[in-house]
> 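Pasting a structure here, questions to come.
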Amino acid sequence: MEILISEERIRERVAELGRQIERDYQGKPLTIVGILTGSVILLADLIRQVQLPLRVALLQASSYKGAVTDRGSLTINDAFAPEVEGRHVLLLDDIFDTGHTLAALVPKLRERGAIDVRTAVLLRKQGRQEVALEPDYVGFAIPDAFVIGYGLDYDDEYRHLPYIAVLDPNAHEAAH
Ligand code: IMP
Ligand code: MG
């Protein structure tokens with residue numbers, strides 16, 4: 001697999017994002033909400049770089065299978081139901097690709113009483129955006145390739161890789 005972003009570059013960038021978040025959320029009741037499952041590695045690393053009082057929550061969203069025509073119809077799994085009433089929410093995902101996931105979740109968190117909802121992603125794929133929403137914090141802009149590692153999966157594998165790599169379909173096939 002071709003490594004696109006090394007473990008060290010990720011560590012440095014996540015620390016920078018932490019500094020930026022500290023400055024922006026000084027004195028505000030902050031809840032960082034990680035979207036399962038892709039954001040868990042970023043969530044764990046990022047929250048340890050933010051020296052502010054904060055709460056952590058998780059959210060699981062699912063779209064109705066086959067509803068390709070209505071990509072915005074994501075439902076939040078209420079088993080996780082993050083408590084966001086009166087909170088400044090920073091919604092975290094692994095990657096901003098078309099943007100439909102974040103664009104659908106931001107209004108849902110507002111409906112649930114969040115004062116403010118901003119978004120943070122480790123990666124942003126270039127040339128793929130289909131929504132008006134712009135992510136507020138971006139770790140790295142990357143070319144339009146399918147990437148894995150640091151939370152990102154292919155068929156639910158590879159999330160544990162400490163770096164970001166471009167998926168090599170041949171290597172994947174050979175290993176299965
Ligand atoms: P969006 O709604 O199109 O922005 O897609 C976001 C979701 O698609 C992410 O949370 C990922 O789960 C998945 N995704 C998009 N691109 C990739 C990729 O290159 N590798 C792994 N997952 C991806
Ligand atoms: Mg995924």
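Both backbone and side-chain heavy atoms feed into the values below; hydrogens, waters and symmetry mates do not. The structure presented is a predicted model; accordingly, all values stated were derived computationally and were not measured. Both counts, for ligands and for their atoms, begin at 1 and track the order of listing.
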> Where the closest heavy atom to atom 18 (C) of ligand 1 is concerned, which of Phe96, Tyr158, Tyr154, Phe146 has it?
Phe146

> Assess the side chains of His100 and Gln129: does a donor N or O sit below 3.5 Å from an acceptor N or O?
no

> For ligand 1, is Lys125 a contact, meaning one of its heavy atoms is under 4.0 Å away?
yes

> Looking at Asp93, which atoms of ligand 1 are within less than 4.0 Å of one of its heavy atoms?
10 (O)

> Just jot down the ligand 1 atoms closer than 4.0 angstrom to any heavy atom of Ala145, in number order.
19 (O)

> My understanding is that we take every heavy atom of each candidate and find the minimum distance to atom 20 (N) of ligand 1. Doing that for Val147, Leu152, Ile148, which one comes out nearest?
Val147

> Can you tell me if CZ on Phe146 sees more than 12 non-hydrogen neighbours from other groups inside 6.0 Å?
yes

> Would you tell me which option among Leu105, Asp144, Asp94, Leu133 has the nearest heavy-atom contact to atom 9 (C) of ligand 1?
Asp94

> Is the distance between the ring centroids of Tyr158 and His172 under 6.0 Å?
yes

> Determine the sole option in Leu36, Leu92, Leu91 for which the side chain to side chain contact (heavy atoms under 4.5 Å, CB included) test with Leu59 is passed.
Leu91

> Who passes ring-ring contact (aromatic ring centres under 6.0 Å, His included) against Tyr25, sequence neighbours left out?
none

> Counting heavy atoms not belonging to Glu83, are there more than 12 under 6.0 Å from its CD?
no

> Do any heavy atoms of Ser39 fall under 4.0 Å from ligand 1?
no

> Could you tell me if Arg87 and Thr31 have a donor-acceptor pair between their side chains, going purely by distance under 3.5 Å?
yes

> Can an N or O of Leu102 be found at a distance shorter than 3.5 Å from an N or O of ligand 1?
no

> Show which atoms of ligand 1 fall inside a sub-4.0 Å distance from at least one heavy-atom site of Thr101.
1 (P), 2 (O), 5 (O), 6 (C)

> Does even one non-hydrogen atom of Gly38 get within less than 4.0 Å of ligand 1?
no

> May I ask which of Leu167, Ile95, Asp97 has a heavy atom nearer to atom 13 (C) of ligand 1 than the others do?
Ile95

> For Arg55, does the CZ atom sit with more than 12 other heavy atoms under 6.0 Å from it, leaving out its own atoms?
no

